[in-house]
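A quick write-up on the structure given underneath.
Note that these values count all heavy atoms, side chains included, but never hydrogens, waters or copies made by symmetry.
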Amino acid sequence: MRAGVLTPATLVMRLSAAPAGIFRLPGGRLADGQPADVTVIDPEVSWTCDVAAFRSRSRNSPFAGRPLRGRATLTIVGGKVVHSPERHEIP
């Protein structure tokens, strides 16, 4: 882990449980009988932000063209894979 960077536990809490709590949403945690919406992040992957590759119509990003470290490698929503390196389209 790099100095000055959030711990994995703090990052997960700040990006999931905390926002769900603020907006009083049922998600933000893994629990029996609840949807397993999960994003797996590889903190060591290096990449460059290419706004032309965004799925959104918006091309605004303060990170455009900048080298970055850490990237989502797998996203599961409702128990189904919706993003992975092998899968580039959401069903």
Side-chain angles (χ1 to χ4, degrees):
M1 190 172 339
R2 293 177 302 278
V5 177
L6 297 175
T7 66
T10 299
L11 177 66
V12 168
M13 187 272 306
R14 289 187 182 175
L15 293 178
S16 59
I22 289 168
F23 292 105
R24 297 185 178 144
L25 298 172
R29 61 188 179 88
L30 294 176
D32 286 342
Q34 298 300 313
D37 297 343
V38 178
T39 300
V40 177
I41 298 171
D42 183 341
E44 299 305 319
V45 170
S46 295
W47 61 289
T48 300
C49 181
D50 177 7
V51 296
F54 284 9
R55 291 188 182 150
S56 169
R57 290 183 190 177
S58 174
R59 299 292 185 246
N60 299 324
S61 174
F63 304 106
R66 294 180 61 184
L68 303 168
R69 181 180 284 177
R71 189 167 196 165
T73 58
L74 178 71
T75 304
I76 302 169
V77 176
K80 296 182 180 185
V81 174
V82 297
H83 167 75
S84 72
E86 296 81 33
R87 181 184 195 123
H88 296 288
E89 293 183 19
I90 296 176

Please say yes or no: joined through hydrophobic side-chain contacts below 4.5 Å, possibly via intermediate residues, are Ile41 and Val45 part of one cluster?
no
For a quick test of reading the model, state the closest non-hydrogen atom pair linking [X] to [Y] and the distance between them.
X     : Y     : result
Val51 : Arg59 : O-CD, 3.0 Å
Asn60 : Phe54 : O-CE2, 4.3 Å
Gly78 : Asp37 : N-OD1, 2.6 Å

Name all residues meeting the side-chain contact (heavy atoms from CB on, under 4.5 Å) criterion together with Ser56; count only those two or more places apart in sequence or in a different chain, and write none if there are none.
Ser58
Sorted by chain and residue number, the side-chain contact (heavy atoms from CB on, under 4.5 Å) partners of Thr75 (sequence neighbours excluded) come out as Thr39, Val77, Val82, His83
Scan the side chains in residues 10-23 for donor-acceptor partners under 3.5 Å anywhere in the protein, sequence neighbours excluded, and list what turns up.
| residue | atom | partner | partner atom | Å |
| --- | --- | --- | --- | --- |
| Thr10 | OG1 | Thr7 | OG1 | 2.9 |
| Ser16 | OG | Val12 | O | 2.4 |

Spacing of CG belonging to Leu68 relative to OG1 belonging to Thr48, to within rounding of 0.5 Å
7.0 Å
